[in-house]
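Since the structure comes first, as structure tokens, the remarks are kept for the end.
Atoms within a ligand are numbered from 1 in the order they appear, just like the ligands themselves. The residues of the chain are indexed from 1 along the displayed sequence. From a predicted model like this one, the values you see are computed outputs, not experimental measurements.
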Amino acid sequence: MANRDIVSTLYERMRLPVIVAPMFLISGPDITIAAAKAGIIGCFPAPNARTIDILEEWLDQIATELNGTEYEGMWAMNMIVHRSYDRFEAELALVERYKPKFVVTALGSPKRVLERVHAFGGKVFADVINAEQAEKAVAAGVDGLILVCSGAGGHTGKYSAFAFVEEVRRFYDGPIIVGGAIQSARSIAALLALGADFAYMGTRFISCPESLVTDDYRNMLVDSKMSDIVTSDVVSGVMANWLKASLEKSGFDLKSDKGSTEIDFSDIHGESKAWKDTWGAGHGVSATECIESVAEVVESLASQLGTLKPALEHKLSAWPKW
Ligand SMILES: Cc1cc2nc3c(=O)[nH]c(=O)nc-3n(C[C@H](O)[C@H](O)[C@H](O)COP(=O)(O)O)c2cc1C
């Protein structure tokens with residue numbers, strides 16, 4: 001399948017051009033299945049399964065729920081491809097067995113998975129935070145790019161989606177997925193106008209009952225707005241967006257700056273509480289006004305889009321000089 005065909009084939013099957021972004025300690029099989037059934041694409045990070053046996057159970061659950069239905073294949077697994085991550089080979093062996101249509105790579109070169117995912121017909125989307133990484137991923141042969149832009153929850157990018165999409169479109173015409181504060185039908189429509197193909201939405205889905213988080217986290221999201229988000233490297237050594245109140249509660253000193261230390265995933269399943277008690281979210285947090293299921297969020301985005309379409313057409317036609 002040529003790269004642009006991936007987009008048209010998915011558009012035919014999807015209700016909205018939205019992928020639920022993978023989130024550490026947040027997304028598991030339930031949110032992934034719910035997203036597929038709601039007509040978008042679900043995705044979860046493999047490390048969220050504490051052991052490789054649990055990962056196998058999750059993949060089994062997804063296959064059982066979706067295979068043989070109209071939603072088959074509408075999900076992706078996110079893999080850490082960083083060298084410090086020691087479960088990489090075991091996870092890739094499971095990928096070869098369960099054959100997800102899409103593998104999302106994060107925090108490292110997608111080269112490590114390309115050949116083996118392509119061998120069973122899967123597609124690889126690489127998550128990148130700058131144009132240099134995007135160029136390298138394209139040269140390596142990825143099937144799509146995920147541009148993580150400023151305002152994203154968790155490890156964030158620093159570039160504006162406006163600039164990043166434009167720059168990448170100069171050298172790449174394949175599928176572009178954009179993450180970073182996408183919270184409404186308006187943001188999704190803006191992305192499409194910008195030349196991107198799909199929205200990568202994390203924060204908007206954290207509070208869904210299908211996620212793995214606690215109710216305290218859900219309630220903090222409902223109560224938060226953009227100014228409650230802080231960008232800091234104090235948790236992992238890498239810049240990420242957090243709910244400020246949760247960092248303060250966990251005792252982090254926001255004034256200290258670790259500098260950019262080397263990221264290390266070797267103890268990701270250990271007992272370090274840093275990630276468990278600190279809650280990430282992006283600048284689009286104010287869209288979380290109440291706790292809704294994945295299907296309800298998708299329904300609300302779809303109905304917003306329904307009203308937005310005629311309003312946009314009207315705006316565009318109001319400019320006679322066009
Ligand atoms: C709390 C949290 C944890 C995240 N963990 C991961 C992760 O494990 N792997 C990954 O590739 N991206 C991770 N992300 C980033 C998302 O995949 C995505 O880029 C981001 O959520 C998009 O921005 P938004 O939150 O503003 O919608 C995380 C995001 C959040 C909010």
Side-chain angles (χ1 to χ4, degrees), residues 18-28 31-32 35 40-49 76-82 85 87 91 102-108 110 113 124-129 133 145-161 164 176-184 187-188 191 196 198-208 211-214 217-218 220-221 224-226 228-232 235-236 238-243 246-247 250 263 265 268-269 274-288 297 301:
V18 171
I19 298 172
V20 176
M23 293 176 283
F24 188 49
L25 303 179
I26 296 172
S27 16
I31 202 167
T32 304
I40 58 176
I41 290 182
C43 183
F44 72 96
N48 279 359
M77 192 173 93
N78 168 227
M79 297 183 72
I80 292 181
V81 288
H82 195 270
Y85 185 56
R87 232 171 61 180
E91 288 181 3
F102 306 101
V103 169
V104 169
T105 60
L107 301 161
V113 305
V124 176
F125 294 160
D127 142 334
V128 295
I129 55 165
Q133 286 183 356
L145 292 172
I146 298 168
L147 312 187
V148 180
C149 300
S150 65
H155 290 147
T156 182
K158 64 177 180 185
Y159 292 115
S160 143
F164 201 177
I176 289 187
I177 301 147
V178 174
I182 317 297
Q183 51 175 311
S184 64
S187 336
I188 298 170
L191 277 189
F198 300 95
Y200 201 54
M201 296 173 72
T203 298
R204 187 72 180 86
F205 290 97
I206 302 175
S207 61
C208 293
S211 79
L212 302 169
V213 306
T214 60
Y217 190 171
R218 291 193 174 94
M220 194 180 279
L221 289 162
S224 296
K225 50 191 186 310
M226 195 162 66
D228 297 313
I229 304 298
V230 66
T231 310
S232 173
V235 177
S236 66
V238 175
M239 281 299 177
N241 279 320
W242 304 99
L243 287 161
S246 96
L247 283 195
S250 306
I263 197 163
F265 294 103
I268 198 171
H269 295 106
W275 283 86
K276 294 184 187 85
D277 298 331
T278 45
W279 301 332
H283 289 177
V285 68
S286 55
T288 302
V297 174
L301 291 171

Using a 4.0 Å heavy-atom cut-off, say whether [X] meets ligand 1 through its side chain, its backbone, both or neither.
{"X": "Met23", "value": "both"}
{"X": "Ala152", "value": "both"}
{"X": "Ile146", "value": "neither"}
{"X": "Phe44", "value": "neither"}

Show which atoms of ligand 1 fall inside a sub-4.0 Å distance from at least one heavy-atom site of [X].
{"X": "Ala106", "answer": "11 (O)"}
{"X": "Gly151", "answer": "26 (O)"}
{"X": "Tyr200", "answer": "17 (O), 18 (C), 19 (O), 22 (C), 27 (O)"}
{"X": "Asn78", "answer": "9 (N), 10 (C), 11 (O)"}
{"X": "Gly180", "answer": "22 (C), 23 (O), 26 (O)"}
{"X": "Met201", "answer": "27 (O)"}
{"X": "Tyr217", "answer": "1 (C)"}
{"X": "Gly280", "answer": "1 (C)"}

Min N/O separation [X] to ligand 1 under 3.5 Å:
{"X": "Gly202", "result": "yes"}
{"X": "Arg204", "result": "no"}
{"X": "Phe24", "result": "yes"}
{"X": "Ala181", "result": "yes"}

Looking at side-chain heavy atoms only, is the closest gap between [X] and [Y] below 4.5 Å?
{"X": "Pro22", "Y": "Tyr200", "value": "yes"}
{"X": "Ser27", "Y": "Pro45", "value": "yes"}
{"X": "Val103", "Y": "Met79", "value": "yes"}
{"X": "Phe164", "Y": "Val128", "value": "yes"}
{"X": "Val18", "Y": "Phe205", "value": "yes"}
{"X": "Leu221", "Y": "Trp279", "value": "no"}
{"X": "Ser211", "Y": "Tyr217", "value": "no"}
{"X": "Thr203", "Y": "Gln183", "value": "no"}

Please state whether Trp242 comes within less than 4.0 angstrom of ligand 1, counting heavy atoms only.
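Trp242: no contact with ligand 1 (<4.0 Å).
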
So, taking the atom named [atom1] in [X] and the one named [atom2] in [Y], what distance separates them when rounded to the nearest 0.5 Å?
{"X": "Thr231", "Y": "His283", "atom1": "OG1", "atom2": "NE2", "result": "4.5 Å"}
{"X": "Ile182", "Y": "Leu191", "atom1": "CD1", "atom2": "CG", "result": "4.0 Å"}
{"X": "Ser184", "Y": "Met201", "atom1": "OG", "atom2": "CE", "result": "7.0 Å"}

Nearest heavy atom to [atom]: which of [options] does it belong to?
{"atom": "atom 14 (N) of ligand 1", "options": "Ala21, Gly154, Pro22", "value": "Pro22"}
{"atom": "atom 25 (O) of ligand 1", "options": "Val285, Asp127, Thr203, Ile19", "value": "Thr203"}
{"atom": "atom 20 (C) of ligand 1", "options": "Gly179, Cys43, Gly153", "value": "Gly153"}

If the test is side chain to side chain contact (heavy atoms under 4.5 Å, CB included), which one of Val104, Ile40, Ile177 qualifies with Ile19?
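Considering Val104, Ile40, Ile177, a side chain to side chain contact (heavy atoms under 4.5 Å, CB included) with Ile19 is found only for Ile177.
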
